[in-house]
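Worksheet for the structure shown next.
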Amino acid sequence: MTSKAQIARSSFVRYGALPLGLIALVVVLRAFFFIPFRVMTTAQAPSLRLGAWALARRTQMPQRGELILYRVASTANSSSATHLMVARIIALPGDSLEVRSGKLLVNGVPSLDHRHPRNNNEQYALRLPREGGVYPLTSTNLVAYRAALIEEQKLFPPARGEVSLQGLAQRDWLKALASNPYHTFHRDYYWVLTDDTHVAPDSRHLGILPADAIEGVIFFSL
């Protein structure tokens, strides 16, 4: 015969401990392993359809060709405000990137991860910085490096002999860098593009993407 104490324990497990345990598991998985989100853009269609629910695996070390979820600064008044975006990894830290005759080349090889519009007149060439790497700053790559340089010099003091760009108008950067055009980067950087380049901004507009802005790799959508 089942006692009242046994019934009470069973009821506690079924209606108390078990739901709380499941809630705790979901919280832990969400905090440390996965990010559920809803797709609010057609930038990655048909891989990610508008309105679909998706999961991203938390990591800041994606591979070339993977879809990622990443943070960008919001245009809101608060400088700390950010929002999430999706894009595809095109180039990794240390890769060279070039658009030549309408073709996107990564390390000199046509990229198979992105179909660059053939009627696009964009021209750029740069190398994606690695953490601790020293790279020249030129009129060609400064556009892509600009946001990263501003943030890096806020977070990290310039290395000995490096030119501080803090407080300088961007039109004066090249003149200031004439004495030493090299910068030591303190983070790994990636190049991301949307599959539909007309829908949402990507590295062509935002510049190189630091690893710590990456929230995770998207691996499932429904």
Side-chain angles (χ1 to χ4, degrees), residues 14-93 95 97 99 104 106 111-117 120 122 128 144 146-148 150-152 154-155 187-222:
R14 178 178 298 178
Y15 301 110
L18 184 58
L20 288 175
L22 290 174
I23 291 172
L25 178 61
V26 170
V27 170
V28 169
L29 289 175
R30 181 166 183 170
F32 298 102
F33 298 101
F34 302 110
I35 308 169
F37 68 98
R38 194 168 190 182
V39 180
M40 303 303 291
T41 177
T42 59
Q44 294 303 140
S47 299
L48 294 175
R49 63 179 180 81
L50 180 66
W53 284 98
L55 274 178
R57 173 176 52 85
R58 288 192 183 274
T59 179
Q60 292 182 338
M61 299 179 64
Q63 298 302 308
R64 195 181 294 112
E66 289 183 322
L67 291 173
I68 64 164
L69 185 68
Y70 67 100
R71 288 179 286 104
V72 296
S74 175
T75 55
N77 293 332
S78 172
S79 59
S80 62
T82 62
H83 62 280
L84 295 175
M85 299 182 66
V86 296
R88 190 178 300 279
I89 293 288
I90 299 300
L92 306 174
D95 284 348
L97 188 72
V99 174
L104 179 63
V106 178
S111 173
L112 300 178
D113 298 315
H114 183 73
R115 296 184 298 275
H116 204 274
N120 199 302
E122 292 176 351
L128 278 295
R146 181 178 60 236
I150 292 172
E151 188 173 4
E152 284 222 344
K154 287 180 180 178
L155 297 174
R187 298 178 291 184
D188 283 336
Y189 287 89
Y190 295 80
W191 191 261
V192 299
L193 293 177
T194 54
D195 287 356
D196 187 340
T197 57
H198 302 293
V199 171
D202 50 35
S203 284
R204 296 169 305 139
H205 317 88
L206 305 171
I208 54 179
L209 182 72
D212 55 18
I214 298 173
E215 292 290 330
V217 170
I218 301 166
F219 70 95
F220 174 80
S221 66
L222 180 64

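On a predicted model such as this, the values are computed, not experimentally measured, just so you know. Just so you know, residue 1 is the first one in the sequence shown, and it goes up from there.
- Nearest approach of Ala56 to Gly216, heavy atoms of both residues: CB-C, 4.2 Å.
- The structure places CG of Leu84 at 12.5 Å from OG1 of Thr41, a figure rounded to the nearest 0.5 Å.
- Inter-residue side-chain proximity for Trp191 and Ile208 is flagged as met; some heavy-atom pair is nearer than 4.5 Å.
- Residues Arg187 and Glu151 have side chains in contact (heavy-atom distance under 4.5 Å, counting atoms from C-beta outward).
- Put simply, the side chain of Arg38 gets close to the backbone of Gly51: a donor and an acceptor are under 3.5 Å apart.
- Residues Leu104 and Leu97 form a side-chain contact, since some pair of their non-hydrogen atoms from C-beta on lies under 4.5 Å apart.
- Under the rule for a salt bridge (Lys or Arg N to Asp or Glu O under 4.0 Å), the partners of Arg64 that lie at least two apart in sequence or sit in another chain are Asp95.
- With sequence neighbours excluded, no residue forms a ring-ring contact (aromatic ring centres under 6.0 Å, His included) with Phe220.
- Nearest approach of Gln60 to Ile214, heavy atoms of both residues: CG-O, 3.3 Å.
- Counted within 6.0 Å of CG on Leu155, heavy atoms from surrounding residues, nucleotides or ligands total more than 12; the atom is thus considered enclosed.
- Looking at Leu193, Val192, Asp195 one by one, the single match for side-chain contact (heavy atoms from CB on, under 4.5 Å) with Arg88 turns out to be Asp195.
- Atoms CD1 and CG, on Ile35 and Leu55 in that order, are 9.5 Å from each other to the nearest 0.5 Å.
- In this structure, Ser221 and Val39 have side chains that are not in contact, with every pair of non-hydrogen atoms separated by 4.5 Å or more.
- With contacts defined as side-chain heavy-atom distances shorter than 4.5 Å, the pair Pro201/Met85 qualifies.
- Taking the salt bridge (Lys or Arg N to Asp or Glu O under 4.0 Å) definition, one finds that Glu215 meets it with Arg58, Arg71, sequence neighbours left out.
- Annotation: the span from Leu206 atom CG to Arg146 atom CZ amounts to 10.5 Å, rounded to 0.5 Å.
- Taking both residues in full, the closest heavy atoms of Met61 and Gln63 are given as O-NE2, 3.7 Å, listed atom of the first, atom of the second, then distance.
- When side chains are defined from C-beta on, Pro93 does not count as touching Tyr189, because their heavy atoms never get closer than 4.5 Å.
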Output, in order, the C-alpha distance, side-chain angles, deciding distance and verdict of side chain to side chain contact (heavy atoms under 4.5 Å, CB included) for Val86 and Thr194. CA-CA 8 Å; Val86 296; Thr194 54; over 6 Å; no

